[in-house]
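Below, chain A is the first sequence line, B the second, and so on; all start at residue 1. Note: hydrogens, waters and symmetry copies are ignored here, and every other heavy atom, side chains too, is used. As the structure is a computational prediction, the values presented were derived from the model and not from experiment.
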2 protein chains.
Amino acid sequence: MRASRFFISTLKEAPSDAEIVSHKLMMRAGMIKRLGAGIYTYMPMGLRVIRKVEAIVREEMNRAGGIELLMPVVQPAELWQETGRWNKMGAELMRVKDRHGRDFAIQPTSEEVVTDVARTELRSYKQLPVNFYHIQTKFRDERRPRFGLMRGREFTMKDAYSFDRDMDGLRKSYQAMYDAYVRIFTRFGLEFRAVAADNGAIGGSGSHEFHVIAATGEDALVYCPTSDYAANMEAAEALPVDSARAAAREELKKTPTPGKSKCEAVAELLGLPLSRTVKSIVLAVDNEDPAKKEIWLLLLRGDHELNEVKASKIPGLGTYRFANEGEIVEWFGTTPGYLGPIGTKKPVKVVADRTVANMADFVCGANDVDFHYTGANWGRDLPEPQVADIRNVVEGDASPDGKGVLAIQRGIEVGHVFQLGTTYSESMKATYLDEAGKPQPLVMGCYGIGVTRILGAAIEQNFDERGIIWPTAIAPFQVVLCPMGYDRSEAVKAEIDKLYAQLSEAGVDVVLDDRGERPGAMFADWELIGVPHRIVVGDRGLKDGNVEYQGRRDTEATQVPLADALAFIKGKLAS
Amino acid sequence: MRASRFFISTLKEAPSDAEIVSHKLMMRAGMIKRLGAGIYTYMPMGLRVIRKVEAIVREEMNRAGGIELLMPVVQPAELWQETGRWNKMGAELMRVKDRHGRDFAIQPTSEEVVTDVARTELRSYKQLPVNFYHIQTKFRDERRPRFGLMRGREFTMKDAYSFDRDMDGLRKSYQAMYDAYVRIFTRFGLEFRAVAADNGAIGGSGSHEFHVIAATGEDALVYCPTSDYAANMEAAEALPVDSARAAAREELKKTPTPGKSKCEAVAELLGLPLSRTVKSIVLAVDNEDPAKKEIWLLLLRGDHELNEVKASKIPGLGTYRFANEGEIVEWFGTTPGYLGPIGTKKPVKVVADRTVANMADFVCGANDVDFHYTGANWGRDLPEPQVADIRNVVEGDASPDGKGVLAIQRGIEVGHVFQLGTTYSESMKATYLDEAGKPQPLVMGCYGIGVTRILGAAIEQNFDERGIIWPTAIAPFQVVLCPMGYDRSEAVKAEIDKLYAQLSEAGVDVVLDDRGERPGAMFADWELIGVPHRIVVGDRGLKDGNVEYQGRRDTEATQVPLADALAFIKGKLAS
């Protein structure tokens, strides 16, 4: 590509609504252009990256046996009503009426449509397994679209759906997708991690998320550096404490803690480590009969955090909400900050985190403003509690596989593989006939990759103060040729044109900057855009028969004999 | 591709709602699957054709200097309000509100969005010309979606938009697109014709349609076999009659024509050719003041047809409608079937077609039920009329370029190139700075290709009683290999696997039917699907060292030595 025949538009400053680095850099590099909240035009430079991402996804999906089709953006509400998602999805589902008043959804995913395809097309066990996928425009009406392509409303997603005769088949299809995802993210050239995710009803290893590692990631990933264990924070189990609970040594004592409503302040006042305190979290579970409303008290060690997903799995807490101050006063007789499990005003259900259940001589609120108890002990001062894992793990916790201790890093979710089972096929009556001619529900899996989100995640992982640093596989161009005086020096023009022709011939995705920009502006543009390899051709170097190579991460340029330039670049691209 | 790893689903019968052959065959061949009215899932077999069409379009657009980007499907109403299309487009524009109640359009085209891109990105004459295009999902809420992909609601379109500094530049950009379209449709392997189209305000040669020729086409294409002249019916001029009007020879005579309200019946009754009769068409032009409503009488030769677009261009008729019976009775004192230009009850504006103005001794309604005039003559029996070209041309009319006579064929519109001028840039204030630093409106062109419609059009042109006959360039597979007993004969398996590997290696898009179907069913499938080249490998042929080749249009198979098969197929694909 000659730059003069392409469209390059860079900005010195990012618009003020761009909050994170990938959004800023994509705007500055002219990769995207905002059309509305969470809606972007993919400009020519950005589209090149998207197409490379799509091509890799497509190749690996095909290699893994996926069959591409294309399902519509506008989908009849009837199908969404069959699965109940028409109501369940709420405001995120963009809904539209046609000229006859019929309801349609703008697809956020395509489970319903693909299941409809399957129930008419997959009639016999002989046709299974099948994996249909498409790469298509999606719309999700986010409440707060932000971060550019990271949380947009219109986006491109690859979604695949596998159909098997039983769980065994599903597990094979799932593993094939998992392996394909590993190949895909490896080919992207991104540092990533697959983590076990919470998958609600199905349990087991039925769901994994693929995350691009980035310090700015929204998600905490838990892993064990000395084993294969990896899970997202929601799913990472905090094991019970290994040792037996210590015996009580202190007396229960109501201690004044005036104005100290936080565990940190109480611990400081008392000269105790934070890990000796217990914090109280009050949840409410509503009932149609208001008299049957339940109030639950969840207890966590002062330095731990509640894991809301784990809490929601405790029988009875499936639909909890946080209690309001009025409820706290009514049930505990005190305001938040001083409440605790001992001597509540009305009965509450107490759940202690595994760690808390193992504590002795702990500090907790005394249900009296400006007072805490010290020396509290289970079985003596209060009944043994219901025990559950309700906290987020922390660095240094034992790995659930028993093979080391946990570490935590940040990630950006870009892929998800999920064992759906028969949820959709049962609600939509999607069955196949088995060997005995008996209808059986299709067993499904679904597998997504956020194609446009990959761009944001790749940048969050790969940038510096000058701009983006694309991995070669998904860079808009692999190599940029920068002439020093393309219009002034015949030698420069002749040699760089020749090199351009050679590289193009060799199948290298190269751009020749023939725009006539001054060197400073030209270099700044391509560093901002993030092309990974740069060759500069100038009269000075040519005198010695050299051109100048600089990788986007290199701090210095390398002189390369002109005659070796092609081989040199090929070597760089191969490595 | 091995058929066992692909998804093939054929039907013996087309669903009853499929009216035209391309729709029936696409459904039977498993290329598309209906999701809702005018909304289809592109099944794997159909998607392969779409991708080939897209690839050719993309290559030729890039070659012509087009720059690909991707504009969103969901577009803010504000832009559509700027150009007034939000109101003008009516029910065809699918409208949707987001969770905050803001209005959006599901794009039917992208003039507004691309003009918005241009007004911020194209600031200087130095950046011009630019041609942005995208290949994207469109939605048009047709009142009566039908004919499968021919008149769907959701469809894929390539739309390109050129930006120039002046009309001269636009004409060059336009010609480049015209030339690219000729290359594109030639590469598709379709018989097509570019015809001048009516382009409303701009005039001149500012609009052409590209039609795939098919007997079942909705549009009539007018062309001159002995020159380059070609236009669609709306735009094809009917020249004035070459000879002077004959002198009056008959007397005006009110003749009884009881029950004969049609020209054909009157001509038959009177023993005259239809071309001696004149038919009357009554139009109304409403006015805010009902007293100022105008009634117009348009006169056409009995064997000619009104061209509604031409009529709408007569000054004063821009907003005409057909008059109703009440109006006809009020103005003519008679019911339809017997009205005419002589002796109307209230004054009407008379427009005679050029042919009618040249007639003498003609027959027309007498404004009296069951009576016509014969021997009517201009200037004598009624005033000389306003004359205009208001009819459709017919075969044998003189070509407007004076180089022969016109012929007519049917076509399916699949592409359109259009000189927009400054309509959009002026309403959206999209300007660039010229050399003097003065803002000037960008001069625009737009260029569409109905990507998914191409499939329907290609089939309407290329089918037989057995199914589709794809041109090789856009066939889902170029070659199908059919083994006689893949699972039974080791020799067949070995040889066909080898041939499959050789063809794949050579870059041929080949499918090996390893499904184990019986020969009859297998051949029927591939003939229905329309793969243009078939090789059959069986033990009988192998004994003589032969395989069997049959082109999809061939009536008989050809024996080809196995050793020559690769070269033979390559030769077929090259020709």
Nearest 0.5 angstrom please: A/Ile135 CD1 to A/Met157 CE, how far?
11.5 Å
Can you measure from CG (B/Leu149) to NE2 (B/His23) and round to the nearest 0.5 angstrom?
7.5 Å
Do you know which of B/Gly46, B/Ala37, B/Pro44 has the most heavy-atom pairs under 4.5 Å to chain A?
B/Pro44
Part of B/Phe139 lying under 4.5 Å from any heavy atom of chain A:
side chain
To the nearest 0.5 Å, tell me how far A/Phe104 CZ sits from B/Ile106 CD1.
11.5 Å
Tightest non-hydrogen contact, residues B/Arg28 and B/Lys12, listed as NE-O, 3.1 Å
Can you tell me how far the CZ atom of A/Phe7 sits from the CE atom of A/Met43, to the nearest 0.5 Å?
4.5 Å
Side chain from CB out, backbone as N, CA, C, O: work out which of these in B/Leu70 comes under 4.5 Å of a heavy atom of chain A, or both, or neither.
both
Pick whichever of A/Glu78, A/Met71, A/Met94 has the most heavy-atom pairs under 4.5 Å with chain B.
A/Met94
Gap separating the CG atom of A/Leu512 from the CE atom of A/Met1, nearest 0.5 angstrom:
11.5 Å
Turns out that what part of B/Tyr40 lies under 4.5 Å from chain A's heavy atoms comes down to backbone
Please classify the contact between A/Ile50 and chain B as side chain, backbone, both or neither, with a heavy-atom cut-off of under 4.5 Å.
neither
Max heavy-atom pairs within cutoff under 4.5 Å with chain B, candidates A/Val74, A/Thr137, A/Asp116, A/Ile39, goes to A/Val74
Give, as side chain, backbone, both or neither, the part of B/Glu154 having an atom under 4.5 angstrom from any heavy atom of chain A.
side chain
Pick one of side chain, backbone, both or neither for B/Gln136, based on which atoms fall under 4.5 Å of a heavy atom in chain A.
side chain
Testing B/Thr109, B/Asp159, B/Thr156, B/Thr452 one by one against B/Lys138 for a side-chain hydrogen bond (donor to acceptor under 3.5 Å, both in side chains), which residue passes?
B/Asp159
Side chain, backbone, both or neither of B/Leu79 within contact of chain A (heavy atoms, under 4.5 Å)
side chain
Side chain, backbone, both or neither: which part of B/Leu122 has an atom under 4.5 Å from a heavy atom of chain A?
side chain
B/Lys158/B/Glu60 ion pair, N-O < 4.0 Å:
no
Shorter than 4.5 Å, heavy atoms on both sides: which option in A/Arg48, A/Arg99, A/Glu142 has the most such pairs with chain B?
A/Arg99
Chain A shares the most heavy-atom pairs under 4.5 Å, among B/Arg95, B/Glu121, B/Arg5, with B/Glu121
Contact leader toward chain B among A/Arg153, A/Lys33, A/Gln75, where contacts are heavy-atom pairs under 4.5 Å:
A/Lys33
Taken to the nearest 0.5 Å, the spacing of B/Leu528 CG from B/Met26 CE works out to 11.5 Å
Given B/Pro76, B/Gly30, B/Gly36, the one with more heavy-atom pairs under 4.5 angstrom with chain A than any other is B/Pro76
B/Lys172/B/Asp164 under salt bridge (charged side-chain N to carboxylate O under 4.0 Å, His left out): CA gap, chis, key distance, verdict
CA-CA 9 Å; B/Lys172 282 188 198 116; B/Asp164 278 281; over 6 Å; no
Please give me the minimum heavy-atom distance between A/Ala64 and A/Met177, naming the atom from each residue.
CB-CE, 3.7 Å
Most chain B-contacting option - heavy-atom pairs closer than 4.5 Å, from A/His134, A/Met45, A/Glu68
A/Glu68
Can you say whether B/Arg51 sits under 4.5 Å from chain A via the side chain, the backbone, both, or neither, judging by heavy atoms?
side chain
Pick from B/Gly90, B/Ala91, B/Pro72 with the largest number of heavy-atom pairs that fall under 4.5 Å of chain A
B/Pro72
